[in-house]
Amino acid sequence: MKLKSQALLAAAVAVANVSVAQAHVFIWGVFVNGVDQGTFNGIRIPAYNGPPPRGYSNSPVKDLNSIDMRCNVLGDKQVPHTIKVAPGDNITFDWHHNNRTIADDVIDISHHGPALVYLAPDPPTENSFVKIWEKGLYELGSAPFSPGKWATTSDIKANNGLMNFRIPANLKAGFYLIRAEMVGLHEADARFDQNSWRGAQFYPNCVQIEVVGDGDVELPEGVSFPGAYRYDDPGVHYNIYCSTERAPLAPCTDASIYKIPGPTVWSGAWPETTKVAPGPVTGPTTATRWSSWIQQSIVTTATFNQAGSPVPVATSRYTASWSLAYATPTAPSAL
């Protein structure tokens with residue numbers, strides 16, 4: 001039974017790296033110095049939350065105390081490919097919604113909020129995530145109820161899903177996880193712990209990398225996920241429609257103030273990031289049908305009948321289980 005459960009989880013990992021029209025946003029590809037590393041390579045793709053065609057990958061995480069805040073659902077599961085990088089390399093994450101093309105809408109226009117990047121050893125430990133890049137509200141709105149310009153919508157969405165940052169200079173060689181996230185604040189005027197229908201929406205996604213070279217700089221102490229954010233943080237509980245020069249509502253007296261959640265950016269990170277033009281995409285650009293999904297920690301695996309409808313054939317329980325020591329990734333076994 002244990003072997004069968006492990007195989008089911010492996011299958012869920014294998015099919016999790018695709019998306020459909022209802023998806024929110026996650027990373028589809030990684031460019032290193034402008035060179036695409038291949039669609040889905042190195043990316044721990046979040047699980048689907050339901051059967052096709054209505055399920056979608058990367059349902060937002062809103063429970064700040066959930067282990068899913070670390071790398072999303074299935075983020076504890078290694079993927080076969082690890083991307084090799086060197087200190088100083090320019091990294092571009094390619095975020096998308098429905099497909100990996102410039103026609104994709106990336107993220108809904110209402111999902112204004114900050115974008116952040118953390119770096120941690122692989123596997124991460126307590127207080128090991130170090131922030132190396134962030135961008136939040138960078139221009140106030142010019143009219144009442146205008147949300148202003150935010151990283152998620154006015155920068156990354158407007159640039160076809162591209163998020164740019166650099167590997168810290170002289171970083172010590174080894175295996176690391178890059179934890180990137182987009183945050184939607186469109187319902188953050190309420191707190192999830194007080195109203196589970198609303199609250200800030202987090203879209204974390206992790207990428208496996210191997211840093212090569214002879215660098216000797218080690219990461220400092222960082223923060224933990226979960227644990228880095230609180231429901232009463234001003235960057236988590238915030239009314240985006242206050243981010244205007246002429247805020248119309250009483251609670252908007254500090255309209256120009258928005259504090260990105262989490263710690264400050266590490267002093268060893270690059271103060272500026274040079275955008276590198278991405279080259280051609282390698283690998284698929286469109287979605288394929290999935291046959292496994294996770295709802296309320298239950299993994300369901302299905303086959304498809306002649307009409308193309310999913311027919312569940314097996315279930316098992318999924319519980320995140322993070323390793324304490326690094327192990328070389330292996331390809332998922334077949335059922």
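Nothing here was measured: the structure is a model prediction, and the numbers come from that model.
Without hydrogens or angle criteria, Lys157 side chain to Ile107 main chain gives a donor-acceptor distance under 3.5 Å. Between the side chain of Gln295 and the backbone N or O of Asn49 there is at least one donor-acceptor pair closer than 3.5 Å.
Residues Leu185 and Pro114 have side chains in contact (heavy-atom distance under 4.5 Å, counting atoms from C-beta outward). Contact of the Ile298 side chain with the Arg317 side chain is registered, since non-hydrogen atoms from C-beta on lie closer than 4.5 Å. Between Asp63 and Tyr231 there is a side-chain heavy-atom pair separated by less than 4.5 Å. Contact check for Asn205 versus Pro46: side-chain heavy atoms found under the 4.5 Å cut-off. Between His81 and Gln208, every side-chain heavy-atom pair lies at or beyond the 4.5 Å cut-off. Inter-residue side-chain proximity for Cys206 and Ile178 is flagged as unmet; no heavy-atom pair is nearer than 4.5 Å.
Note that OG of Ser323 and CD of Gln78 are 7.0 Å apart. Values are rounded to the nearest 0.5 Å. Of the inter-residue distances, the one linking Phe202 atom CZ with Ser66 atom OG reads 12.0 Å to the nearest 0.5 angstrom. Atom CD1 of Ile83 and atom CD of Gln37 lie 5.5 Å apart (nearest 0.5 Å).
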Determine, stepwise, if the pair Leu64 / Met69 fulfils side-chain contact (heavy atoms from CB on, under 4.5 Å).
CA-CA 6 Å; Leu64 300 185; Met69 280 294 295; 4.0 Å; yes
Trace of the side-chain contact (heavy atoms from CB on, under 4.5 Å) decision for Ile91 with Val32
CA-CA 5 Å; Ile91 308 299; Val32 178; 4.0 Å; yes
Please test His111 against Met182 for side-chain contact (heavy atoms from CB on, under 4.5 Å), starting from the C-alpha separation and ending with a verdict.
CA-CA 9 Å; His111 288 30; Met182 304 250 257; over 6 Å; no
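For residues 207-228, the pairs satisfying salt bridge (Lys or Arg N to Asp or Glu O under 4.0 Å) are Lys172-Glu218, with sequence neighbours left out. Listed by first and then second residue, the ring-ring contact (aromatic ring centres under 6.0 Å, His included) pairs that reach into residues 151-170 are Phe93-Phe165, sequence neighbours excluded. Residues in residues 116-137 take part in these side chain to side chain donor-acceptor pair (under 3.5 Å) pairs, two or more places apart or across chains: Tyr118-Tyr229, Glu126-Ser224, Asn127-Ser224, Lys131-Glu134, Lys135-Asp155.
Not counting sequence neighbours, the partners of Ala307 by the side-chain contact (heavy atoms from CB on, under 4.5 Å) test are Asn305, Ser309.
Checking each of Asn160, Thr285, Thr39, Thr286 against Arg100 for a side-chain hydrogen bond (donor to acceptor under 3.5 Å, both in side chains) leaves exactly one that passes, namely Thr39.
Taking the six-membered ring where the residue is Trp, Phe225 and Phe129 present perpendicular rings, their angle passing 60° and hence far from 30°.
Aromatic ring centres of Trp95 and Phe26: separated by at least 6.0 Å. The aromatic ring centres of Trp150 and Tyr258 sit less than 6.0 Å apart.
Nearest heavy-atom pair across Thr152 and Gly113 is OG1-N, 2.9 Å.
Tracing side-chain contacts under 4.5 Å through hydrophobic residues (I, L, V, M, F, W, Y), one never reaches Leu177 starting from Val207; they form parts of separate clusters.
Grouping Ile, Leu, Val, Met, Phe, Trp and Tyr residues whose side-chain heavy atoms lie under 4.5 Å apart, directly or via other members, places Phe175 in a hydrophobic cluster with Tyr326.
Residues Asp189 and Arg198 are paired through a salt bridge, judged by an N-O separation under 4.0 Å between the basic side chain and the carboxylate.
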Under 3.5 Å, which donor-acceptor pairs link side chains of residues 266-278 to any protein atom two or more places apart or in another chain?
{"residue": "Trp270", "atom": "NE1", "partner": "Ile167", "partner atom": "O", "Å": "2.8"}

